[in-house]
Amino acid sequence: MTRRDGDNPGARVRFAPSPTGRLHLGSARTALFNWLVARGSGGDMILRLEDTDRERSSAEFERDIMDSMLWMGLDWDEGPDVGGEHGPYRQSERMDIYSGYARRLLEEDRAYRCYCTPEELKERKNAAVGEGRAWRYDRKCLGLTDEERARLTAEGRPYAIRFRVPEGEVTVNDMLRGEVKVNASEIDDFIILRSDGRAGFHLAVVVDDITMEVTHVIRGDDHLTNAVRHVLIFRALGAAPPMFLHHSLLMGPDGAKLSKRHGATSVSDYREMGYLPQALINYLALLSWSPGDDREIFTPGELVEEFSIEGVSAGKAIFDMDKLNWLNRQHMKMLSDSELTDLVIDHLDRSLARDKMEIAVASVRNGMETLADIASQPLDIYVRPAGELSDKAAGELVKSPDIEEALDLLISTLEKHPSNGMATAERIVDDLRREAAERGWKAKTVLWPFRLAVTGSTVGPDLTYLILFWGPGGCADRVRATKRTLEERDE
RNA sequence: GGCGCAUUCGUCUAGCCUGGUCCAGGACGCCGCCCUCUCAAGGCGGUAACAGGGGUUCAAAUCCCCUAUGCGCUACCA
């Protein structure tokens with residue numbers, strides 16, 4: 001197996017969501033890519049909460065993010081709950097670290113105090129835009145003299161700290177997109193420390209990535225331009241930038257960024273809708289990634305084994321529910337009857353014995369695309385009293401050709417097979433076909449009444465499962481009960 | 001507006017780096033057929049794409065340039 005940069009042994013990666021909402025599918029995809037690289041390289045996965053926006057962050061969302069990740073099997077080696085040597089792992093708890101770095105940049109003249117108020121800024125910006133000029137911070141406070149600065153400080157005016165963007169070209173080395181070059185003059189002097197002393201996003205990210213010894217930054221394409229600012233800070237701090245990988249964003253069917261108006265967007269939504277975590281992961285991985293051949297179905301373990309950064313494509317990724325559904329079905333097929341039963345047991349009739357439950361589940365499983373589909377399966381037939389018929393079933397029975405003889409044939413054939421099992425069940429159905437043929441009947445003449453008489457319903461699973469569930473004798477009894485019901489109706 | 005990224009069937013993609021084996025392969029969806037006691041599932045087949053224009057070359061989906069379109073960034077949000 002060849003190793004490439006992205007698969008360096010010991011890659012330290014981080015997933016850094018801000019807990020301002022439930023774990024979004026797009027974020028989950030980012031987390032997945034990070035996790036695959038960490039696990040595939042024997043490295044470390046770091047979970048870092050970017051909760052500097054105190055108003056929008058909440059503990060509830062933190063919980064949802066971690067629960068969702070764990071549900072998907074995306075675990076981490078360092079994080080707010082498990083700790084680690086590079087903590088704390090909540091940015092809100094790292095504020096003094098950031099201000100220390102900000103002060104250092106200030107002392108080294110790579111940053112400067114800015115006393116402009118948001119109102120003044122807005123005013124100047126509007127003026128510029130009004131004249132059709134592109135607005136970029138005008139560096140008003142960069143030109144302040146020491147006296148002016150002293151006066152402003154004496155007045156008690158709050159100040160923010162801005163990064164002084166140097167001149168020259170900046171290169172972001174991206175594993176997916178190659179060398180992205182941007183002229184620093186395109187970037188304005190952004191704020192690294194707010195006037196209330198809290199770090200801005202850019203400073204916090206870079207300081208964290210340095211101090212947490214992150215080797216690979218894998219995140220969404222929306223950060224590609226931000227990476228230019230980050231490289232600038234890395235340089236100013238004398239640190240080597242990590243490897244970057246900016247993957248495409250997850251879009252909705254209309255090509256716009258996947259959002260609430262497209263319907264369900266959070267991992268927990270999909271969990272509730274009955275999707276299997278391994279199917280979700282498989283699907284998310286397949287969006288943008290291909291093993292290079294025609295394989296599409298992967299277990300989480302296979303994904304870790306097969307995933308490689310060079311198999312990731314740079315283009316857009318549109319979420320397609322149809323394909324997710326198909327994959328979910330494929331992954332459900334890999335489950336045993338017993339495993340599947342465990343997953344849907346809450347929807348099953350408690351009066352059923354475990355072995356009966358498994359037969360019932362086995363009989364309807366191919367009608368399911370998600371676990372939630374269990375609710376719409378015709379399981380009621382298994383708890384319906386013998387001889388009870390739906391109106392539709394009764395109607396079908398009455399108009400069925402040679403019905404009397406057919407029902408008797410059913411009973412006699414069933415009773416020829418005292419033992420139970422799938423092989424017996426299949427044999428019984430074969431016998432019925434043969435008997436029907438010998439009488440010059442279509443198979444339907446006897447098989448259709450079989451279903452109707454045994455289940456009292458026109459819809460239900462394959463006949464073999466009915467035999468398996470009630471046994472040949474039990475089925476014969478139910479046919480008899482139906483005969484009685486029909487006779488009573490005649491009277 | 002400026003800057004950046006992207007562009008192969010409706011969707012996800014293989015192929016592109018190392019031009020010819022590609023009148024472009026696979027999958028989902030869709031359509032049809034088969035199977036069939038119901039509903040499905042399954043099997044088989046079909047539909048459908050190199051964004052446009054210029055180059056380079058004997059030869060371009062593959063290399064270069066331009067245009068178009070989409071997305072992103074351009075906050076004391078992250």
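Per chain, numbering begins at 1; letters A, B, ... match sequence-line order.
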Phe190(A) atom CZ is separated from U74(B) atom C1', nearest whole Å, by 13 Å
For Gly315(A), answer base if it contacts any base atom (sugar-phosphate contacts may also be present), sugar-phosphate if it contacts only those atoms, and nothing otherwise; contact means non-hydrogen atoms under 4.0 Å.
-> sugar-phosphate
With respect to the side chain of Asp222(A), which nucleotide from C12(B), C77(B), G72(B) is positioned closest?
-> G72(B)
Could you state the atom-to-atom distance from NZ of Lys323(A) to P of G10(B) in whole Å?
-> 15 Å
Base of C76(B) paired with side chain of Arg194(A) (donor-acceptor, under 3.5 Å) | no
Taking atom P in both A51(B) and A6(B), compute the distance separating them and give it to the nearest angstrom.
-> 14 Å
Tell me what His246(A) touches on the nucleic acid: a base, only sugar-phosphate, or nothing, going by heavy atoms under 4.0 Å.
-> nothing
Which atom of Tyr101(A) lies closest to which atom of Thr211(A), heavy atoms considered = OH-CG2, 3.6 Å
Name the residue closer to the 5' end of RNA chain B, choosing between Ser248(A) and Trp326(A) according to the nucleotide with the nearest heavy atom.
-> Ser248(A)
Within 45° of the axis and under 6.0 Å from the centre of the six-membered ring of Tyr115(A), does NZ or CZ of Arg157(A) qualify?
-> no
Which is true for Val459(A) with a 4.0 Å heavy-atom rule: it touches a base, it touches only sugar-phosphate, or it touches nothing?
-> base
Could you give the distance separating A27(B) and C34(B) at their P atoms, to the nearest angstrom?
-> 22 Å
Just call it for Asn226(A): base, sugar-phosphate, or nothing, with non-hydrogen atoms closer than 4.0 Å on any strand.
-> base
NA contact type, Ser288(A), heavy-atom cut-off 4.0 Å: base, sugar-phosphate, or nothing?
-> sugar-phosphate
Checking A41(B), A6(B), C76(B) against the side chain of Ala314(A) (C-beta onward), the nearest is A6(B)
Nucleotide opposite A51(B) in a Watson-Crick or G-U pair, distances under 3.5 Å = U67(B)
What nucleic acid atoms does Arg365(A) come within less than 4.0 Å of, heavy atoms only: base, sugar-phosphate, or nothing?
-> nothing
Looking at Phe163(A), is Arg229(A) sitting on its ring face, NZ or CZ under 6.0 Å from the six-membered ring centre and within 45 degrees of the normal?
-> no
Answer with base, sugar-phosphate or nothing: what part of the nucleic acid does Ser313(A) contact at a heavy-atom distance below 4.0 Å?
-> sugar-phosphate
So what does Cys114(A) touch, heavy atoms closer than 4.0 Å: a base, only the sugar-phosphate, or nothing?
-> nothing
Tell me which nucleotide among G72(B), A6(B), C28(B) gets nearest to the side chain of Arg177(A).
-> A6(B)
Pick base, sugar-phosphate or nothing for Glu50(A), based on heavy-atom distances below 4.0 Å to the nucleic acid.
-> sugar-phosphate
Does U36(B) pair with anything, Watson-Crick or G-U wobble, both distances under 3.5 Å, and if so, with which nucleotide?
-> none
Any N or O donor-acceptor pair linking the side chain of Asn366(A) to the base of A40(B) at under 3.5 Å?
-> yes
Considering only atom P, compute the distance from C39(B) to C22(B) and round it to an integer number of Å.
-> 43 Å
Base, sugar-phosphate alone, or nothing: which one does Ser195(A) contact when heavy atoms must sit under 4.0 Å apart?
-> base
Of the options Val228(A), Val170(A), Ile187(A), which is the one that meets Val165(A) in a side-chain contact (heavy atoms from CB on, under 4.5 Å)?
-> Ile187(A)
For Ile191(A), which contact category applies under a 4.0 Å heavy-atom criterion: base, sugar-phosphate, or nothing?
-> base
Select base, sugar-phosphate, or nothing to describe what Arg219(A) touches, counting heavy atoms under 4.0 Å on all strands.
-> nothing
C1' gap between G72(B) and C76(B), integer Å = 22 Å
Tell me what Phe450(A) touches on the nucleic acid: a base, only sugar-phosphate, or nothing, going by heavy atoms under 4.0 Å.
-> nothing
Name the nucleic acid region contacted by Lys333(A), choosing base, sugar-phosphate or nothing; use a 4.0 angstrom heavy-atom cut-off, strictly under.
-> sugar-phosphate
On a whole-Å scale, what distance lies between the C1' atoms belonging to A48(B) and C9(B)?
-> 5 Å
Taking C77(B), G29(B), G72(B) as options, the one with an atom nearest any side-chain atom of Asp322(A) is G29(B)
Determine the Euclidean distance between corresponding C1' atoms of U18(B) and G43(B); express it in Å to zero decimal places.
-> 40 Å
